[in-house]
Amino acid sequence: GTTLGASAAEKGRYFGTAVAAYKLSDATYVGILNREFTMVTPENEMKWDATEPTQGQFTYSSADRIVSHAQANGMRVRGHALAWHSQQPGWAQNLSGAALRQAMVNHITQVATHYQGKIYAWDVVNEAYADSGGGRRDSNLQRTGDDWIEVAFRTARAADPGAKLCYNDYNTDNWTWAKTQGVYNMVKDFKARGVPIDCVGFQSHFNSGSPYPSNYRTTLQNFADLGVDVQITELDIEGSGSTQATTYGNVVRDCLAVARCTGITVWGIRDSDSWRASGTPLLFDAGGNKKPAYTAVLTEL
Ligand code: XIL
């Protein structure tokens, strides 16, 4: 193929990007989006603070614009994210206990119902594990009880039975890291007990502190062997030039080597679209030109 999306499709995969609704009026941005990508993830527009800024009052206009754009252009949508400790509205940050648990359940039900039938996969729970030690991250949601994650998954399944339901996290790429093992054990337990989980998302924000690990393919395969799909959900790689390109190529090769690695999403289109304050972590430069990293990805696909 001559584009990321077409080449990935030849391998039975999708190639996606994070999309910001306010950039859909940028012609360069939309031109690349429509040409190259077959999956979109709203970068912020489906988060709790965006969709329920006031308790019980739901605002979907920005997220709906992205979903409409995707549907009109033959792209699918990853929903992101239903339950997360970050980017909560102020009212939720101030809740705890049963009131917070009930608010989480209602939020998941409302949002997943609004988008029922339109989402390929939901990041049901995002970033619930601590950076070290292999246990849960402390958060207001975690303090409602250890079962908050499985409750979130059961609630999402009831609201949109056709969507794949994912657990998504970062720094779970290196098989030897305790955080990876913690998430792996949770997924294993969920599969053993029939908690409805279909996929695990690896954010894969690679940089000097958490570099692309040589055992990445092993990690993806070990999770897949639990009976879930794996997806690379927020890929960006610090660096530039041929070094960055080589790492992007390695990531693509690892995904293609794992039968249940169903697709790759990069976290933005141009370097200037990146959430990273500095650096050049994406596939297109600020002018929208293809970088060596783009060529490496296309070559591996
Ligand atoms: C980031 C967005 O890219 C930024 O625009 C926003 O200010 C903060 O969130 N992990 C995630 C994503 O799951 O939702 C985050 O997105 C990046 C880290």
Side-chain angles (χ1 to χ4, degrees), residues 16-24 26 29 33 37 39-53 62-63 65-67 77-90 92-93 104 107-108 111-112 115 119-131 136-137 139-142 149 152-153 156 164-174 177 179-180 183 199-212 230-238 251 263-284 286:
T17 180
V19 165
Y22 75 91
K23 293 176 184 168
L24 290 174
D26 175 334
Y29 182 87
L33 173 63
F37 296 98
M39 185 76 73
V40 300
T41 304
E43 187 172 357
N44 290 296
E45 293 80 354
M46 286 185 177
K47 292 173 181 176
W48 199 348
D49 59 352
T51 49
E52 196 181 2
S62 294
R65 280 174 59 202
I66 296 175
V67 173
V77 181
R78 294 191 79 266
H80 173 80
L82 293 171
W84 188 23
H85 68 275
S86 186
Q87 291 180 268
Q88 293 182 3
Q93 295 177 39
M104 178 194 82
H107 180 77
I108 293 170
V111 177
Y115 289 109
I119 302 295
Y120 163 71
W122 267 111
D123 290 329
V124 177
V125 171
N126 198 31
E127 301 182 349
Y129 274 73
D131 285 339
R136 297 284 179 83
R137 171 194 299 276
S139 72
N140 60 345
L141 291 167
Q142 179 61 30
I149 298 181
F153 276 86
K164 291 184 184 292
L165 304 183
C166 300
Y167 176 81
N168 192 55
D169 214 328
Y170 67 90
N171 284 2
T172 49
D173 316 286
N174 191 321
W177 288 12
K179 184 172 179 177
T180 309
V183 173
C199 39
V200 175
F202 296 82
Q203 293 184 10
S204 305
H205 296 292
F206 294 129
N207 54 56
S208 52
S210 52
Y212 164 77
V230 295
Q231 302 169 2
I232 299 168
T233 54
E234 304 183 16
L235 181 63
D236 50 25
I237 303 175
E238 186 179 79
V251 168
I264 299 172
T265 295
V266 289
W267 205 241
I269 296 178
R270 302 160 299 194
D271 287 334
S272 49
D273 298 314
S274 174
W275 70 303
R276 295 299 198 190
S278 64
T280 53
L282 294 171
L283 300 178
F284 296 85

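Atoms within a ligand are numbered from 1 in the order they appear, just like the ligands themselves.
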Novice: E43 heavy atoms, cut-off 4.0 Å: which ligand 1 atoms fall inside?
Specialist: 2 (C), 3 (O), 4 (C), 5 (O)
Novice: Would N126 and Q203 count as a side chain to side chain contact (heavy atoms under 4.5 Å, CB included) if you check the C-alpha gap in whole Å, the side-chain angles of each, and the deciding distance to 0.1 Å?
Specialist: CA-CA 10 Å; N126 198 31; Q203 293 184 10; 3.2 Å; yes
Novice: Could R137 and D169 be called an ion pair, given the rule that one side-chain N must be under 4.0 Å from one carboxylate O?
Specialist: no
Novice: Provide the number and element of each atom of ligand 1 under 4.0 Å from a heavy atom of W84.
Specialist: 14 (O)
Novice: Q203 heavy atoms, cut-off 4.0 Å: which ligand 1 atoms fall inside?
Specialist: 10 (N), 11 (C), 13 (O), 18 (C)
Novice: Any nitrogen or oxygen of W275, side chain or backbone, less than 3.5 Å from one on ligand 1?
Specialist: no
Novice: So if I apply the side-chain hydrogen bond (donor to acceptor under 3.5 Å, both in side chains) rule between S204 and each of D173, T172, T233, N171, which one comes out positive?
Specialist: D173
Novice: Does the N or O separation between W267 and ligand 1 drop below 3.5 Å for any pair?
Specialist: yes
Novice: Quick one: does ligand 1 sit under 4.0 Å from the side chain of Y170, the backbone, both or neither, non-hydrogen atoms only?
Specialist: neither
Novice: If you measure only the distance, is there a donor-acceptor pair under 3.5 Å linking the side chains of H205 and W267?
Specialist: no
Novice: Testing the basics here: between E45 and A63, what is the closest heavy-atom pair and its distance to 0.1 Å?
Specialist: O-CB, 3.6 Å
Novice: Stepwise, does the side chain to side chain contact (heavy atoms under 4.5 Å, CB included) test hold for M46 with V67?
Specialist: CA-CA 10 Å; M46 286 185 177; V67 173; 3.6 Å; yes
Novice: What part of N126 sits under 4.0 Å from ligand 1 if we count only heavy atoms: the side chain, the backbone, both or neither?
Specialist: side chain
